[in-house]
Amino acid sequence: MLIKSLTGTKDIFGDEVNEWIKIEKTIRDLCKDFGFSEIRTPMFEFTSLFQRGVGETTDIVQKEMYSFIDKGENHITLKPESTAPAVRAYLEHNMHAKIQPVKMYYISPAFRYEKPQAGRYRQFHQFGVEMFGSSSAVADAEVIALGDMLLKRLGLKKVELHINSLGGPECRKQYNENLAKFLENKKEHLCELCNNRRLKNPLRVLDCKNEKCQKVLTDVPTTLTSLGEECKKHFEEVQALLTAMNINFIVDGSIVRGLDYYTKTVFEFISNEIGSQGTICGGGRYDKLVEEIGGNPTPAVGFGAGIERLLLTMEAENGPMYIDNSKDIFIGYRGEEAMIEAVKLTNELRQAGLKAETDPLGRSVKAQMKYANKLEVRYSAIIGESELETKALSLKNMATGEPSILPFSDVATFLKDDTNANL
RNA sequence: GUGGGGAUAGCUCAGUUGGUUAGAGCGCCAGAUUGUGGCUCUGGAGGUCGCGGGUUCGACUCCCGUUCUUCACCCCA
């Protein structure tokens, strides 16, 4: 019986892996431009890190973590997200003593035991950034701008930026009271689920997609109505900075985020092109998290973006990504002696930095030419008796069919000049 | 965790009210006078019809279970 891969996981290869390489390069270049440096944290951590960091009551911790006990009886969990590990690393390596703010990014797998569907996997990949040490709106704006620029560089035009402010702890408390009061008056009109949420965590009611509830919510007070002076000013500054940078946004009181640690600014980049899992990037400010994990009070802001969802959106908006698989040259052969010469020449060309191929299957000349055609080489050549004698190749231009004769020793230079001419 | 659709060749899919050697297109390999690709033509390889059980003389087809997949709820990336 063939052993297959686990549900919710997938192999990435062929053209698809080239898409990944392309998007990863875009991300790394972007982060360099914004002054964020990469951090690679381990794939697993002590379970307690996520219990504290992500929050004991969240779905992620309660039912979605891949947890196990290792041979040393450590309670271990495959990372379900990368913000908590980033905070852990920040504290463990005393990064508060480095130049402030500390700006880091990661591209990492994450693991959640959920039922897979479009844009949702059990092993998925996140690109995220975290900025520690600044409470200024400039930090919020910079992080959002980074996300916005990523989408632009990936050619995405139909993604909307929704922003909101949850306020600090005092505003949150005030708002929860206001909201609870508002919802109590409307309780006959709310669905059963929402009436549960109303008592446990009224914020979650805002997320409900039930039509009836949405009707009730049309005139719900948003978190914005409960913001104190300082939080209000902060949010206005964020908006002014986004406007100054020409970044379009929608102030959306329904963006509340699932995780409890967010404070003040929260945001999501949402696409309507990829089904129900439309949030391709989400984040915000989390000024209390570093303390929660045991550090000194440190303001921070960041986001996580789903690579799979980015790719889905790119495909939905712009079709399949163009991947250049072309190669410089194929060198075939006829006969034992010629085979050695072809292998030798191919290797020399590769050493010179050219994309050269030969035939590893010992096929007929005709089959070798077919192979060369499928490899998308720009030139092909066959080495046989006459070439061995003259030490010269007949290079065939695969697009035009034109041959050019030149000595073995000149092939590399010829191909390099040709490449430059095509740029 | 809840609910709907699906599973037949490497890929996309046909397969008639259950009937004998399960098909097509694409892809792969080979050939069309033997040292040159693309187009065309010909041939070939490749399937325990997801897996297990049941009904039946007989199951790819009907029933049950199971796994995987897909879409949605939930939650999030």
Side-chain angles (χ1 to χ4, degrees), chain A residues 1-10 14 54-55 57-64 79-83 106-128 147 191 193-194 196-197 201 204 207-210 255-259 262 266 268-271 274-283 302-313 330-335 338 359 361 363-388 393-403:
Chain A
M1 189 61 176
L2 184 66
I3 298 172
K4 295 198 182 169
S5 62
L6 287 161
T7 180
T9 68
K10 63 184 281 193
V54 179
T57 62
T58 57
D59 275 8
I60 292 178
V61 169
Q62 286 197 333
K63 43 189 200 191
E64 294 173 5
K79 56 163 117 170
E81 56 100 50
S82 292
T83 298
Y106 54 84
I107 298 173
S108 165
F111 307 86
R112 293 183 201 169
Y113 191 89
E114 290 193 273
K115 198 158 173 183
Q117 70 183 69
R120 198 172 74 186
Y121 308 91
R122 287 187 173 176
Q123 175 175 343
F124 61 104
H125 299 76
Q126 285 187 314
F127 155 57
C191 69
L193 194 62
C194 281
N196 266 322
R197 289 166 168 158
N201 189 352
R204 296 268 167 93
D207 258 347
C208 189
K209 272 134 199 150
N210 187 308
I255 300 293
V256 293
R257 308 291 302 153
L259 304 175
Y262 284 108
V266 289
E268 290 185 15
F269 287 93
I270 301 171
S271 167
I274 56 170
S276 70
Q277 308 300 320
T279 300
I280 59 185
C281 173
F303 70 69
I307 311 250
E308 285 86 352
R309 289 185 190 174
L310 284 168
L311 285 163
L312 275 176
T313 314
F330 171 83
I331 298 175
Y333 52 86
R334 200 177 124 79
D359 176 38
L361 290 184
R363 288 179 269 217
S364 70
V365 168
K366 187 175 190 142
Q368 289 185 58
M369 288 306 291
K370 280 189 170 184
Y371 179 54
N373 189 53
K374 284 171 196 156
L375 288 175
E376 298 178 52
V377 296
R378 291 184 296 124
Y379 291 92
S380 69
I382 300 291
I383 299 179
E385 281 171 34
S386 59
E387 286 80 8
L388 285 173
L393 276 187
S394 173
L395 264 195
K396 181 173 184 175
N397 181 318
M398 294 298 274
T400 64
E402 297 286 318

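Just so it is clear, the values below take in all heavy atoms, side chains as well, and ignore hydrogens, waters and symmetry mates. Here is the naming used below: chain letters follow the sequence lines, and residue numbers restart at 1 for every chain.
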### Query
What stems, by residue range, does RNA chain B take part in, given at least 3 consecutive Watson-Crick or G-U pairs under 3.5 Å?
B:1-7 with B:67-73, B:10-13 with B:23-26, B:28-32 with B:40-44, B:50-54 with B:62-66
Hey, is the side chain of [X] poking within less than 4.0 Å of OP1 or OP2 on [N], counting only N and O atoms?
X        : N     : result
A/Ser276 : B/A72 : yes
A/Gln117 : B/A72 : yes
A/Lys370 : B/C29 : no
A/Lys396 : B/G35 : no

Closest listed nucleotide, where the reference is the side chain of [X] and the choices are [options]:
X        : options             : value
A/Arg363 : B/G31, B/A30, B/C75 : B/A30
A/Arg120 : B/G31, B/C75, B/G35 : B/C75
A/Lys374 : B/G31, B/C76, B/C29 : B/C29
A/Ile382 : B/G35, B/C75, B/G37 : B/G35
A/Asn373 : B/C75, B/G35, B/G38 : B/G38

### Message
Does either side chain, that of A/Thr279 or that of A/Glu268, offer a donor lying less than 3.5 Å from an acceptor on the other one?
### Response
yes
## Note on the structure
Expected string for nucleotides 2-12 of chain B under the B/S/- scheme (protein heavy atoms, under 4.0 Å, primed atoms plus P, OP1, OP2 as sugar-phosphate) is BB---------
How close or far is atom [atom2] of [N] from atom [atom1] of [X], stated in whole angstroms?
X        : N     : atom1 : atom2 : answer
A/Ile307 : B/A77 : CD1   : C1'   : 10 Å
A/Leu311 : B/A77 : CG    : P     : 17 Å
A/Asp59  : B/C73 : CG    : C1'   : 13 Å
A/Gln277 : B/A77 : CD    : C1'   : 9 Å
A/Glu385 : B/G35 : CD    : P     : 10 Å
A/Phe330 : B/G37 : CZ    : P     : 13 Å

Span that lies between the [atom1] atom of [M] and that of [N], in whole angstrom:
N     : M     : atom1 : answer
B/A59 : B/U55 : P     : 11 Å
B/A72 : B/G25 : P     : 35 Å
B/G52 : B/C75 : P     : 40 Å
B/U69 : B/C28 : P     : 28 Å
B/C49 : B/C60 : C1'   : 5 Å
B/A24 : B/U66 : P     : 37 Å
B/U12 : B/C73 : C1'   : 30 Å
B/A9  : B/U34 : P     : 39 Å

### Task
Just call it for A/Gly304: base, sugar-phosphate, or nothing, with non-hydrogen atoms closer than 4.0 Å on any strand.
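If one applies the 4.0 Å heavy-atom cut-off, A/Gly304 turns out to touch the sugar-phosphate alone, with no base involved.
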### Query
Any side-chain heavy atom of A/Arg363 sitting closer than 4.5 Å to one from A/Lys370?
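A/Arg363 vs A/Lys370: side chains apart.
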### Task
Measure the shortest side-chain to side-chain distance between A/Tyr333 and A/Ile382 over non-hydrogen atoms and say whether it is less than 4.5 angstrom.
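Contact flag for A/Tyr333/A/Ile382 side chains = no.
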#### Entry: Closest approach of A/Gln368 to A/Gly332 (non-hydrogen atoms, all atoms of both residues)
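Of all heavy-atom pairs spanning A/Gln368 and A/Gly332, the closest is OE1-CA, 2.9 Å.
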### Query
Taking for each residue the nucleotide of RNA chain B bearing the nearest heavy atom, is the 5' side occupied by A/Gly283 or by A/Gly275?
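Looking at the nearest nucleotide for each, A/Gly275 comes out on the 5' side.
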